Number of protein chains: 2
Amino acid sequence: MSDPGLRERKKARTRADLQRHALRLFREHGYAETTVDEIAAAADVSRSTFFRYFPTKEDVVLFDDVDPLMAEAFAELPPDTPLLHAMRTGVTTAFRRLPPEKRELEEIRMALVRSAPELQAAARERSGITVTAIADRIADAYGRPRDDLDVLVFAGVVAGARLTAQTLADRTGESYIDALDRVMSRLEDGIPLDGLTLGSHATRLADGLVEQAAGSDGTADTTRPEQHRM
Amino acid sequence: MSDPGLRERKKARTRADLQRHALRLFREHGYAETTVDEIAAAADVSRSTFFRYFPTKEDVVLFDDVDPLMAEAFAELPPDTPLLHAMRTGVTTAFRRLPPEKRELEEIRMALVRSAPELQAAARERSGITVTAIADRIADAYGRPRDDLDVLVFAGVVAGARLTAQTLADRTGESYIDALDRVMSRLEDGIPLDGLTLGSHATRLADGLVEQAAGSDGTADTTRPEQHRM
DNA sequence: GTATTTTCTGGTACTCAGTTCCAGTTTAGT
DNA sequence: ACTAAACTGGAACTGAGTACCAGAAAATAC
């Protein structure tokens, strides 16, 4: 590893160039409105080369240097740390340990992900925010079966918390880590709104639910134009 | 409205035909392996017509009739129903009220969604399982701000529960509703694994978390030898 | 320093999802 | 029976992603 070599250096530079130009173009014109051709042209390489470095267009946005740090942060926690608390601090301290410029890049990246719904899903998948992934880790570590109800439900809560953090960050403008911190610490006190009852709100809640599905019968309006908002 | 009319009947039939053939082909050959052309051909209509009925290929899977019933079920719940319990019974009774053949179709549909990861994300988006959607409904109904922390966290828990139910249904083979029922009722007792601490499992947990970044995808074999590395 | 092998690049040509537009047909309204 | 509205099929397009190959550029061998 002492000798990077010319070839390796060129590759790293090409990759960085592609990423840089891609993120710039995405921010200027939007994710969907930017074509791979444009990115390749901006980085002065061919289309083929783009796909050689990033298997899909999504991948340019979805690189992630946080995970290795997360593992590290985890291993350092004291053994008597409650699991939910560990899930919180593991992620947040990993983030906070990123070098400042990478952390900033990370925030930009996440803002971009939030702006394009087609990216959100892919982002979750690639960064192990799935219930499956979380549950399996816990189950394996604690020697429980992989379909253990408690483990799965717990994993669902954690996954839900991360989704919530994304929404919260989006709406308040605060950083993702801060949002996640707030959400998780709120959860450590139990599920909120637990005492609340339906009261007279059932109808209004129900109304909100219907407008989801405009066309169930054949009476549906032909096509629905409002599909992708970007 | 008692007179559907010839045109409407034809449309309903075409739509049903398309969906029926699509689901069949997807089950026989897989979602990704089935092209829109094949579906259209099977239903004996043109490609254009397919897209006129279903704006995207995903939509043919993601078209369901349960939501209207959900609203109905909600409105019937007694006012003193705790919110979390309401979120459970609203969904489950709606499902159980579906006519048997539609319910079966629904289960097939959901199994299919679970089998294709690219569908899972879209499914959440379109069926209002997003944190955003749930939170907004609750916030609006109760007159709280849309960025209320408690509301968002609660919505995250519900969203997580639905994700969990999908995983659980997939692993145990039970129906989605039954899984959701179990998950939600478990949550009504509070967050599970709350007492658990990290103990000596931190390292193993951490290890599990990293390998997420590397691989573990179902898709075939594109070039991804060294992606998150440089 | 030249030759050989390995790796990277650009280009062409494909498939499939999704859009747009138009011409021709079918249904509805009167 | 005739006209207006809605539906269909087809052609032509864009953009993402894949497969393949010829040639350039490094890395290594001699």
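Per chain, numbering begins at 1; letters A, B, ... match sequence-line order. Worth saying up front: this structure is predicted, and the values here are computed from it rather than measured.
What separates CZ of F50(A) from P of dT18(D) is a distance of 11 Å, to the nearest Å. Distance CZ (F54(A)) to C1' (dA16(D)): 16 Å, rounded to an integer number of Å. If you measure from atom CZ of R13(A) to atom P of dA25(D), you get 15 Å, rounded to the nearest angstrom. Counting to the nearest Å, the C1' atom of dA5(D) and the CZ atom of R52(B) are 15 Å from each other. In this entry the distance linking CZ of F51(A) with P of dC8(C) reads 19 Å, nearest Å. Taking atom CZ of residue R15(B) and atom C1' of nucleotide dC7(D), one finds them 14 Å apart after rounding to whole Å. We find that CG of L6(A) is positioned 14 Å from C1' of dT28(D), with the value rounded to whole Å. Straight-line distance from the NZ atom of K11(B) to the P atom of dA5(D): 16 Å, rounded to whole Å.
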* Asked: What do the steps show when you test D140(A) against R204(B) for salt bridge (Lys or Arg N to Asp or Glu O under 4.0 Å), and what is the final call?
  -> CA-CA 8 Å; D140(A) 291 352; R204(B) 251 188 298 173; over 6 Å; no
* To do: Determine, stepwise, if the pair R24(B) / E28(B) fulfils salt bridge (Lys or Arg N to Asp or Glu O under 4.0 Å).
  => CA-CA 6 Å; R24(B) 178 178 58 77; E28(B) 288 173 5; 3.5 Å; yes
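Taking side-chain N and O atoms only, K10(A) has a distance below 4.0 Å to OP1 or OP2 of dA26(D). Phosphate proximity of dG9(D) to T49(B): present, with a side-chain N or O under 4.0 Å from OP1 or OP2. Residue Y53(B) places at least one side-chain N or O closer than 4.0 Å to OP1 or OP2 of dT8(D).
Of the candidate nucleotides dA27(D), dG18(C), dG17(D), dG17(D) has the atom nearest to the side chain of K57(A).
Heavy atoms of S48(B) sit under 4.0 angstrom from at least one base atom.
For the pair K57(B) and Y31(B), the cation-pi criterion (under 6.0 Å, within 45° of the ring axis) is fulfilled.
Each of E58(B) and R7(A) was assigned the nucleotide of DNA chain C with the nearest heavy atom; the assignment lying further toward the 5' end belongs to R7(A).
Judged by distance alone with a 3.5 Å cut-off, a donor-acceptor contact links the side chain of R47(A) to the base of dG17(D).
Here the side chain of R171(B) pairs a donor or acceptor atom with the backbone of R146(A) at under 3.5 angstrom.
Side-chain N/O atoms of T164(B) and T167(B) include no donor and acceptor closer than 3.5 Å. If you check the side chains of D17(B) and T14(B), you find no donor sitting under 3.5 Å from an acceptor.
Here the closest non-hydrogen pair linking F54(B) and L18(B) is CE1-CB, 3.8 Å.
Residues from residues 30-46 of chain B placing a heavy atom under 4.0 Å of any atom in DNA chain D, listed by number, are V45(B), S46(B).
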